[in-house]
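Each ligand, and each atom within it, is numbered from 1 in the order the structure gives. As the structure is a computational prediction, the values presented were derived from the model and not from experiment.
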Amino acid sequence: MVPGESDAQRLMSALVKATKLDPSMVSERHALLRQISSILWWLNPGHPALSIPALNRYLSLPIERWIDDQYRQGFEGCLQVNDEPSTLCDEIALEYDPRTGWENVQSIVKDVRDRCQHRPRGDDEYRTFRLFLCEHPHIHSSQALDFLVELGVQFKSLFEQIPEQFTRAGKFYPCPSCGWPMQIQRSEVCCGSQWCEKSVGVCRWSNGQLYRLDTGRSVPAVDAQDRYRLNTALWKFTLIPGLLERRLHDRLAKLGLRPTLWPDVDLSDVKVEVGDLEIWLDAKVWRSTRMLGHRLANTDAKGIWIVIPDYQKGEVPSLREQCEYHLILTESQCVTKIARLCRR
Ligand SMILES: [Zn+2]
C-alpha cells in the first residue's frame with residue numbers, strides 16, 4: 001500500500017480486502033468490516049457507527065453515496081455487483097497496490113523490453129508486442145503465438161480465465177470500446193472502465209439481447225469456450241491507455257507530423273518531433289487522478305508530458321499541484337499545444 005498510509009487509505013484498502021475475500025471466510029470478513037466501521041466512525045465522529053449487516057449492504061451501493069469524497073481518493077461506483085467484487089474494486093486494488101498493479105505490469109513489459117533491446121529488430125518486435133496486447137482483449141487458447149514464445153512470454157502471464165459471472169449461456173459480450181468481456185449482470189452493462197463508459201456509454205438488455213445505448217446496435221456475443229481474457233492489470237495499464245496512445249498518435253499524424261508509438265523500446269508512449277523539438281508523451285488512464293498524482297510525484301519527470309483523458313479535465317489543476325515537475329495535459333490540451341508549436 002501507499003507509504004505513510006492515512007486513515008483514508010487504510011479505509012479503502014480494508015474495503016477492497018473485505019469485498020475480495022472468499023465468502024466462506026466469514027469471521028475474517030467480519031473482522032475487516034468491524035475495522036472499516038471504526039475507521040468510518042473515526043473519520044465522521046458525528047455519525048453513529050455502521051453495523052456489519054449495514055456495511056455488507058453498502059458494498060453494493062455506489063461509494064460516493066456513503067463515503068466522503070476526501071476519503072475515497074475520487075473513486076466512484078460500487079465495490080460489488082451481485083455479491084461479486086466489481087471491476088472498480090479490482091481497479092482500486094491495482095491503483096493502490098503497486099506490487100499487484102503498476103509494478104507488476106511494468107515487470108511483465110520490462111522483461112520483454114529488456115529482451116527486445118538486445119535483438120536486431122527489437123524496436124519493431126517490442127511495438128508488435130504492445131500492439132498485440134491492445135488488439136487481444138480476449139484470445140482463443142488455440143491461437144498460434146509463436147512470436148510470444150520467441151520473446152520468452154508465457155501465455156498465462158498475459159491471459160486469465162473469463163470469470164463465470166461474465167458469461168451467459170456459454171457466451172460473453174466484448175466491450176464495444178476496448179473488447180474486454182463486459183460485466184453482464186448489471187442493468188447498465190459495461191466492461192467497468194471509466195474510459196469506455198465515457199467513450200461509448202453503457203449497454204442494456206432487451207428481450208435477451210444486449211444493445212448499445214449510444215448507437216442502438218446489438219452487441220454480438222462470443223463463444224466463451226477455451227477463450228481467455230487479457231489479465232486485469234494488463235487490461236487496465238496497457239490496453240486502456242493504449243486506446244488513448246493510439247488516438248493521440250492518429251491526431252498528431254493528422255497535423256502532418258510523424259509520431260512514433262512506443263519509440264526506442266518504450267522510452268515513452270508516443271514520440272513526435274516538431275521542428276528541432278522532440279516531444280515525449282506518456283498517456284495515463286487512472287480511475288483516481290489522486291493515486292496517479294501520488295505515483296507521478298515519486299517518479300522521475302525526464303521531461304515527458306503526461307496526458308490524461310479529456311473527461312478528467314477538471315482534475316488537471318489538482319494533479320499539477322500534486323506533481324509540479326510534470327507537465328500535465330488532457331488529450332485535447334496536448335494536441336492543441338502541439339498544433340500551436342507546429343504553427344510557430
Ligand atoms: Zn471497455
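- A donor-acceptor pair shorter than 3.5 Å can be found between the side chains of Thr232 and Glu160.
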Please list every donor-acceptor pair under 3.5 Å in which a side-chain atom of residues 237-246 meets a protein atom from a residue at least two apart or in another chain.
{"unit_1": "Thr238", "atom_1": "OG1", "unit_2": "Leu234", "atom_2": "O", "d": "2.5"}
{"unit_1": "Glu245", "atom_1": "OE1", "unit_2": "Trp262", "atom_2": "NE1", "d": "3.0"}
{"unit_1": "Arg246", "atom_1": "NH2", "unit_2": "Glu135", "atom_2": "OE2", "d": "3.2"}

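- Ordered by chain and number, Cys175 SG, Cys178 SG, Cys191 SG, Cys196 SG make up the set of protein N, O or S atoms under 2.8 Å of the Zn ion (ligand 1).
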>> Between Arg127 and Asp124, is the salt bridge (Lys or Arg N to Asp or Glu O under 4.0 Å) condition met? List the steps.
In response: CA-CA 5 Å; Arg127 204 167 291 120; Asp124 287 340; 3.4 Å; yes
For residues 215-222, which side-chain donor-acceptor pairs fall under 3.5 Å, sequence neighbours excluded?
{"unit_1": "Thr215", "atom_1": "OG1", "unit_2": "Arg217", "atom_2": "N", "d": "3.2"}

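- Under the 30°/60° scheme for interplanar angles, the aromatic rings of Trp180 and Trp235 are found to lie parallel.
- The side-chain hydrogen bond (donor to acceptor under 3.5 Å, both in side chains) contacts involving residues 66-75 comprise Asp68-Gln70, Asp69-Arg290, where partners must be two or more places apart or lie in separate chains.
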